[in-house]
Amino acid sequence: MLSIQYIRENKAEIIAACKQKNLDPKVVAEVLSVNTLRKQLQNETDTLRQQSNMIAEAIKQAVGSGQKPTTKQTEAGKKIKDQLKELEPKLKEAEASFAEKMLEIPNVPAADVPVGADESGNKVVKTIGKPKQFAFTPKPHHELMEQADMLDTRRAVRIGGFRSYFLKNDGVLLEQTLLQYALRKLENLGFTLLSAPVLVNEETMWGTGYLPWGQEDHYLTQDKQFLAGTSEVALTAFHTGELLREKDLPIKMAGISPCFRREVGAHGKDTQGIIRVHQFNKVEQVVYTVADENKTREWHEQMTHLSEELLADLELPYQVLLMCTGDMGAGQRKKYDIETWFPAQKKYRETHSASYFNDFQARRLDIKYQASDGTKKFVYTLNNTMAASPRLLAAIVENYQQKDGSIVIPKVLQAMMGKKLITPVAQ
RNA sequence: GGAGAGGUGGCGGAGUGGUCAAUCGCAACGGUUUCGAAAACCGUGACUCUUUCGGGUCCCGUGGGUUCGAAUCCCACCCUCUCCGCCA
């Protein structure tokens, strides 16, 4: 959410932002016109309420000096009450409509975000590590994992439908090790560890900006709770409605949770393997900073760098992409995706995503802090993937495969995993 | 699921129809003072009208209702806590 003052003063910029993000810009005009109506109705009701209060005050004075209210007074009061009964529902409606429209206004992309309609407009910022040259044709991760008895999709699909999977044996252990490694890394950097709720209410989904834009990407329960697609939702909302102190900032949180995605727009994509699934596990970083875009941009770089460091630890080749306007979320100012090399596909595939929002989410969630100058400001929020499995797990498996189908455990995970090699199992 | 208690400003905690935006305590921040600090004193929400000075409305979980007038009375809902039941 942006402030109405900002929207009023920067109408053209926001209309441009809508277009750049492939959203309908008509909400901008709508929010401004309903705001005018709202103010007008408020002025009218305020005037009536003032009159009503004056009558009540006069009666109070009379009663205080032992007199009784006159019929004239009570009649006048009643008349105003009738008028208010007509006017107030209109004001309520205008206010509700205003609040609703405000939640449909997207954030403006940062100045250095490339304008583009879709993923073709994304820019590769850097490419790190060289894809390993295999002396044989590398197999896709799912084949390797099945051979090593780490994965069963055939039975899973019978149980949970398309895109379901069982991790098995070393698959389970390697996933746990990877997530644990990511958590430890963040813990060592002073992040607060949180095992986050996945079942969240509608307000929280609105607050983080997943509504109205991402409605169809989420599962909704019969109790009107959503299954969150990421622990970003719960972590970003952690201090909802609170007034923090500047000295509390930055607040650094590391969440771990299952994540649920409907993948409705992805029919026919990634039908092989476990790159695109409805349920996965993820370690996520969420940070609140002071209300200073330079500070938040520093954190954006730093958080992205933490993910890069994890990939470097795992010795996986990757590239960092600066996402263009058409490929970023409505609430985001700027987003980097990290894509990790998948040798069997001969492609870099998205494994991480780092975004910053300024106060877009904090306004919706009402998360403020008292700044050192005494004023109250909204915090600036950011989030980033630290490790998402099974996607990153699949990357490890593909990159670490050997000719005989065995999989070397990345060095940094060996001690925690308790082994150095996963070998195929005779079928 | 059953029974009970409760939701008041950053926190604690008064307040049972008009003198309540709300006593009091603590904290944070700003101001005055100071070489600086402490102490002391003053101030601190949202919206809105106004060039300024200043004015108005709203804000006691949420939404309705009663009343000239509601934090206070009535109704519904939400949430929290305690006990019981069920249960990973």
Side-chain angles (χ1 to χ4, degrees), chain A residues 1-9 31-103 195 197-207 221-226 234 237-249 251 257-258 288 290-292 359 362-379:
Chain A
M1 193 160 71
L2 301 170
S3 76
I4 185 64
Q5 289 92 325
Y6 188 87
I7 297 171
R8 224 189 298 132
E9 289 161 16
V31 82
L32 290 170
S33 87
V34 75
N35 184 46
T36 306
L37 175 67
R38 176 191 132 250
K39 286 206 286 197
Q40 182 200 325
L41 289 168
Q42 193 187 352
N43 285 338
E44 287 175 33
T45 50
D46 280 2
T47 307
L48 283 174
R49 282 173 180 160
Q50 181 181 12
Q51 290 168 13
S52 168
N53 287 343
M54 280 161 65
I55 293 165
E57 179 64 24
I59 294 176
K60 190 178 83 177
Q61 297 297 333
V63 171
S65 53
Q67 297 169 311
K68 285 203 162 180
T70 65
T71 317
K72 200 178 153 194
Q73 284 174 316
T74 54
E75 285 305 313
K78 276 182 188 170
K79 199 178 153 207
I80 290 168
K81 201 157 60 166
D82 288 342
Q83 288 174 285
L84 278 171
K85 261 188 184 138
E86 293 233 342
L87 205 52
E88 278 175 338
K90 288 181 193 164
L91 174 62
K92 272 241 144 71
E93 199 190 318
E95 281 174 339
S97 168
F98 172 68
E100 198 179 293
K101 295 287 177 208
M102 284 293 277
L103 291 172
S195 170
V198 172
L199 216 45
V200 300
N201 60 27
E202 200 183 322
E203 294 78 60
T204 306
M205 292 293 282
W206 280 100
T221 72
Q222 67 267 47
D223 295 320
K224 300 258 168 65
Q225 286 165 313
F226 285 85
F238 192 74
H239 291 285
T240 295
E242 294 184 25
L243 179 66
L244 305 164
R245 297 279 151 81
E246 181 158 348
K247 68 174 166 55
D248 298 332
L249 300 173
I251 289 177
S257 80
Y288 296 175
V290 292
D292 174 347
D359 60 2
R363 278 181 182 277
R364 292 170 159 243
L365 292 164
D366 186 27
I367 305 169
K368 294 187 193 126
Y369 70 99
Q370 188 170 43
S372 50
D373 63 2
T375 59
K376 284 170 190 159
K377 294 179 178 167
F378 290 102
V379 300

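Below, read A as the first sequence line, B as the second, and so on, with proteins coming before strands; counting in each chain starts at 1. Side chains included, hydrogens not; waters and symmetry mates left out as well; all remaining heavy atoms used. The model shown is predicted, which means the values in this text are computed figures rather than measured ones.
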Would you say the side chain of [Y] lies within less than 4.5 Å of the side chain of [X], judging by non-hydrogen atoms?
{"X": "Lys377(A)", "Y": "Thr375(A)", "value": "yes"}
{"X": "Val379(A)", "Y": "Val290(A)", "value": "no"}
{"X": "Leu91(A)", "Y": "Gln42(A)", "value": "yes"}

Main-chain N/O of Lys247(A) paired to Tyr369(A) side chain as donor or acceptor, under 3.5 Å =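 A pair under 3.5 Å: no.
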Rounded to the nearest 0.5 Å, how far does CD of Gln225(A) lie from CG of Leu199(A)?
->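 Answer rounded to 0.5 Å: 4.0 Å.
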Pairing partner (Watson-Crick or G-U wobble, both distances under 3.5 angstrom) of [N]:
{"N": "rG63(B)", "result": "rC75(B)"}
{"N": "rC87(B)", "result": "none"}
{"N": "rC24(B)", "result": "rG12(B)"}
{"N": "rC35(B)", "result": "none"}
{"N": "rU19(B)", "result": "none"}
{"N": "rG69(B)", "result": "none"}
{"N": "rU80(B)", "result": "rA5(B)"}

Inter-nucleotide C1' distance (rG15(B), rA71(B)), Å rounded |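 Those two atoms are separated by 8 Å.
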Going 5' to 3' along nucleotides 57-76 of chain B, which nucleotides have protein heavy atoms under 4.0 Å from the base (write B), which only from the sugar-phosphate (write S), and which from neither (write -)?
-> SS-----S-SBBS-------
Partners meeting salt bridge (Lys or Arg N to Asp or Glu O under 4.0 Å) with Glu57(A) (sequence neighbours left out) = Lys60(A)
5'-most contact on RNA chain B: Asn35(A) or Ala371(A), nearest heavy atom basis?
-> Ala371(A)
When you match Thr375(A) and Lys368(A) each to their closest nucleotide on RNA chain B, which lands nearer the 5' end?
->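 Residue closer to the 5' terminus by nearest nucleotide: Thr375(A).
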For rU48(B), does either OP1 or OP2 sit under 4.0 Å from a side-chain N or O belonging to Arg38(A)?
-> yes
Inspect the contact between Arg49(A) and Glu44(A) and indicate whether a charged nitrogen and a carboxylate oxygen are less than 4.0 angstrom apart.
-> no
